[in-house]
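Notes to accompany the following structure.
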Amino acid sequence: MSDALLSASGVTKRYAGIVALQAVSLEVRAGEFAAVIGPNGAGKSTLFDCLTGVQRPDRGQVVFDGRPVDSLKPAARARAGMARTFQRIELFGGMTVLDHLLVADRARTRRGGLLADVLTGSHPSPEELARCAAVLELLGLEQWADRPAESLTLGKGRLVELARALMCEPKLLFLDEPSSGLDRHETDEMGNALQRVQHERGIAVLLIEHDVPLVERLAERISVLDYGELIASGPTEEVLSDQKVRIAYLGATT
Ligand SMILES: Nc1ncnc2c1ncn2[C@@H]1O[C@H](COP(=O)(O)OP(=O)(O)O)[C@@H](O)[C@H]1O
Ligand SMILES: [Mg+2]
């Protein structure tokens, strides 16, 4: 018996002639920080789509928290504890940071109304506000709570997306290139936030990231995709010094 929180085996996905993923297997343990790296077009986002139910793989199985999730839609997988953020930022104009968190919280607790409810000013309960405040504090966003989302910098916007994903109370957080478009300072801030999420909440993270120093700092284990195939996986240092990985991904010539 494996003690994996997430266990994917033999995941294969084709798009009209392109093999985006070829029999990829991967495990994430409870509370672990894992990463997936690989060149553009390697299949990283497709892997997330297959794991979180956005795409149906042609082959392969995904087991999460002890049960097969292959037949579950993304919302059901989210309720089971799989939360994700997307590569492109997706925040709503006209809503504050706190509104975004309240909507996510109500989606989780299924207290109907959702968006309309928040926008028409139905009052959040003290419990709802407390759950939002705890997440805002964890990510250092307290002073931004009442700001409209569209007024934020990209760095803060990405933290809000992370906050929204945390409102689902996930066991495993899937993050697709959270540092994309961020400067060094914002990337470090994101790294600190992710570390707090793992250490203070015990949430496992699966991170897709092109920023190697960030991965090196955060991830305990790395899987490397190249042309849809898993070419290496293991402890971070071992994988990053693997010659095959250096040639495929880091552009080394020797
Ligand atoms: N919805 C789609 N339809 C057709 N082809 C796709 C689709 N999504 C991804 N692909 C193709 O699959 C391959 C892997 O893409 P992707 O998973 O986005 O890679 P990565 O995230 O590693 O950059 C690419 O060749 C891409 O063009
Ligand atoms: Mg991608």
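For ligands, and for the atoms within them, numbers begin at 1 and follow the listed sequence.
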Answer yes or no: is there a donor N or O on one side and an acceptor on the other, between the side chain of Thr236 and the main chain of Ala219, under 3.5 Å?
yes
Looking at Arg59 and Val11, would you say the former's side chain and the latter's main chain have a donor-acceptor pair under 3.5 Å?
no
Among the heavy atoms of Gly38, does any lie under 4.0 Å from an atom of ligand 1?
no
Is it true that some N/O/S atom of Ser45, main chain or side chain, lies under 2.8 Å from the Mg ion (ligand 2)?
yes
Taking only heavy atoms of Thr46, which atoms of ligand 1 are found under 4.0 Å from at least one of them?
9 (C), 14 (C), 15 (O), 16 (P), 17 (O)
One finds that the ligand 1 atoms under 4.0 Å from a non-hydrogen atom of Asn40 are 23 (O)
If Ile, Leu, Val, Met, Phe, Trp and Tyr residues are connected whenever their side-chain heavy atoms lie under 4.5 Å apart, and connections chain through other members, are Leu51 and Val63 in the same group?
no
Run the side-chain donor-acceptor check on residues 204-212: report pairs under 3.5 Å with partners two or more places apart or on a different chain.
{"residue": "Glu209", "atom": "OE1", "partner": "Ser179", "partner atom": "N", "Å": "3.4"}
{"residue": "Glu209", "atom": "OE1", "partner": "Ser179", "partner atom": "OG", "Å": "3.3"}
{"residue": "Glu209", "atom": "OE2", "partner": "Ser179", "partner atom": "OG", "Å": "2.7"}
{"residue": "Glu209", "atom": "OE2", "partner": "Asp211", "partner atom": "N", "Å": "3.0"}
{"residue": "His210", "atom": "ND1", "partner": "Glu177", "partner atom": "OE1", "Å": "2.9"}
{"residue": "Asp211", "atom": "OD1", "partner": "Leu214", "partner atom": "N", "Å": "2.9"}
{"residue": "Asp211", "atom": "OD2", "partner": "Arg184", "partner atom": "NH1", "Å": "3.1"}

Hey, is CD on Gln143 packed in by over 12 heavy atoms from elsewhere, all under 6.0 Å?
yes
Identify which of Ser45, Ala20, Ala42, Gly17 has a heavy atom lying nearest to atom 21 (O) of ligand 1.
Ser45
